Protein chains: 2
Amino acid sequence: MTADAAQEPRTTPECPATPSAVLDGPVSHAISRVSRLHRIAAGRVLRDLGLHPGQEFVMMQLWDSGAVRQSELIKAVGLDPSTVTKMLQRLEHSGHVRRRPDPADRRASLVEATDTSCGLLVEVRKAWGELERQTLDGLDASERTELARLLGKVEATLCAEVTRGGATECDAALKGPAAC
Amino acid sequence: MTADAAQEPRTTPECPATPSAVLDGPVSHAISRVSRLHRIAAGRVLRDLGLHPGQEFVMMQLWDSGAVRQSELIKAVGLDPSTVTKMLQRLEHSGHVRRRPDPADRRASLVEATDTSCGLLVEVRKAWGELERQTLDGLDASERTELARLLGKVEATLCAEVTRGGATECDAALKGPAAC
DNA sequence: CCCCATTACTTGGCCGACCAAGGTAAAATT
DNA sequence: AATTTTACCTTGGTCGGCCAAGTAATGGGG
């Protein structure tokens, strides 16, 4: 094995007592890991469509809302404005999105999905159905609704926590069912 | 060009019927949103410690395991090797981590947390406790265990799905309690 | 003994995502 | 009417994260 001068496989260097199991207890880690795996799965089903994970979020919003002010889009997806700007630049360059100045407000932009992107709509919807299936494959109906409910609660909690001391975001993200 | 003749504020371009509510139904979106909020919250509690969200994952692993081969670390955290490499470069530059060649294998590296990083250990642990509290604030005890259980199941499912057709990863991520 | 597959890591490129700071235009105040 | 404030977006920088490709060393057949 590793012929090191120190022969004892010290589990901890000189650090104070390490209660171990720091990594499995917290739900926080589970969220991170699940999110990462989910993103990878998303990337896999979206790859053939020429979309990168995260973009489908924006496109779905645009397909759903039609032409909107960019600020509205930003509120809807709940992301940082700069993030949306750069994503839109790439989506525009890919031909999925069109932007034009808002005649009513010269600093604003109107964003909409292009006609050619409509073909994508169907496939993205299908891909997301597949992703959803993959995600919830091991859960029965009641577990699924329960998971959705719990995630909604956590989202609301975190939203309140994050908003506190920050900007007023994610009010649009928590629309319909679960109030914020 | 920019002068468009369309004056009507069409809610949807020419796309086929948009069943709407594409965004709230799927658990997938909930996962994404919760993950994002959670990451922001993590960044907030870690900011004063000089760590970026994601790094605490690696550091905790190192504090827990002591000096390890980089490949072991990679398997443990379940991230892409290149991701870990770059993270370690930054952590090394920050003085939190030390790397040295493995005498037994000249292509491998041994990684360990530095002594100075041990002070961080306590604070990171505290910060993660706070984060966990913030995350689960709105849930009672039974809901918390249920959420953990469901996330574990989803993780296992996604893990299997992602592993299928890809590399053999995330077996180490699903260690202790929940089998993969 | 040499060749070749495997392992271990690095580099480069790209994207999502954040923050911080900037610039321009509309709205609010004075 | 002039000035301040606020809103809307953009740019630059940094990180986490992926993939794809490359380098170097180990180890297993022929």
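In the text below, chain A, chain B and the rest are named by the order of the sequence lines, each starting its count at 1. In this text, all values refer to a predicted model and were calculated from it rather than measured experimentally.
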> Relative to the 5' end of DNA chain D, which residue comes earlier, B:His52 or A:Arg99, by the nucleotide with the nearest heavy atom?
Replying inline: A:Arg99
> Is there a donor and acceptor pair closer than 3.5 Å between the side chain of B:Arg107 and the base of D:dT26?
Replying inline: no
>> In whole Å, I'd like the distance from the CD1 atom of A:Ile74 to the C1' atom of D:dT10.
In response: 10 Å
> Quick one: B:Asp102 CG to C:dT7 P, roughly how many Å, whole number?
Replying inline: 17 Å
>> Between B:Lys153 and A:Glu143, does any side-chain N to carboxylate O distance fall below 4.0 Å?
In response: yes
> Testing A:Leu150, A:Val34, A:Leu158 for side-chain contact (heavy atoms from CB on, under 4.5 Å) with B:Val34, which one passes?
Replying inline: A:Leu158
> Taking only N and O in the side chain of B:Thr83, is any of them less than 4.0 Å away from OP1 or OP2 of D:dG16?
Replying inline: no
>> Let's see if you can work this out: which of C:dC18, D:dC18, C:dT10 has an atom nearest to the side-chain heavy atoms of A:Asp80?
In response: C:dC18
> Do the charged groups of A:Glu130 and A:Arg133 touch, with an N to O distance under 4.0 Å?
Replying inline: yes
>> Without decimals, in angstroms, what is the distance between B:Leu46 CG and C:dC18 P?
In response: 16 Å
> Can you check the B:Leu51 CG to D:dT14 C1' distance for me, whole Å?
Replying inline: 15 Å
> So does B:Arg90 get a side-chain nitrogen or oxygen closer than 4.0 Å to the phosphate oxygens (OP1/OP2) of D:dC15?
Replying inline: yes
> Looking at B:Gln89, does any N or O in its side chain come under 4.0 Å of the phosphate oxygens OP1/OP2 on C:dC9?
Replying inline: no
> With nearest nucleotides of DNA chain C determined for A:Asp105 and B:Gln70 from heavy-atom distances, which residue corresponds to the more 5′ nucleotide?
Replying inline: B:Gln70
> Can you tell which of D:dC9, D:dG16, C:dT10 lies closest to the side chain of B:Pro81?
Replying inline: C:dT10
> Between A:Pro53 and A:Leu46, which heavy-atom pair has the shortest distance, and what is it?
Replying inline: CA-CD1, 4.1 Å
> Hey, is B:Lys126 close enough to B:Glu123 for a salt bridge, meaning N to O under 4.0 Å?
Replying inline: no
>> Considering every strand and a 4.0 Å limit on heavy-atom distances, what is the contact class for A:Ser71: base, sugar-phosphate, or nothing?
In response: sugar-phosphate
> Mapping A:Arg47 and A:Leu88 onto DNA chain D by nearest heavy atom, which one lands closer to the 5' end?
Replying inline: A:Leu88
> Parallel, tilted or perpendicular: which describes the rings of A:Trp128 and B:His29, with under 30° parallel and over 60° perpendicular?
Replying inline: parallel
>> Can you tell me if B:Arg39 touches the phosphate of C:dA17, counting only side-chain N or O atoms and a distance under 4.0 Å to OP1 or OP2?
In response: no
> Contact class for A:Arg69 vs. all strands (heavy atom < 4.0 Å): base, sugar-phosphate, or nothing?
Replying inline: nothing
>> If you assign each of A:Arg106 and A:Met87 to its closest nucleotide in DNA chain C, which residue comes earlier from the 5' end?
In response: A:Met87
> Rounded to whole angstrom units, what separation is found between the NZ atom of B:Lys86 and the C1' atom of C:dC15?
Replying inline: 12 Å
>> Rounded to whole Å, please give me the gap between CD in A:Glu72 and P in D:dA7.
In response: 13 Å
> So, is B:Gln55 close to the D:dG16 phosphate, meaning a side-chain N or O under 4.0 Å from OP1 or OP2?
Replying inline: yes
> Over how many whole Å does the gap from B:Leu79 atom CG to D:dC15 atom P extend?
Replying inline: 17 Å
>> In whole Å, I'd like the distance from the CZ atom of A:Arg44 to the P atom of D:dC18.
In response: 11 Å
> When we call it a touch if two heavy atoms are under 4.0 Å apart, what does A:Ser82 touch: a base, just sugar-phosphate, or nothing?
Replying inline: base
> Does B:Arg36 make a side-chain N or O approach to OP1 or OP2 of C:dC18 shorter than 4.0 Å?
Replying inline: yes
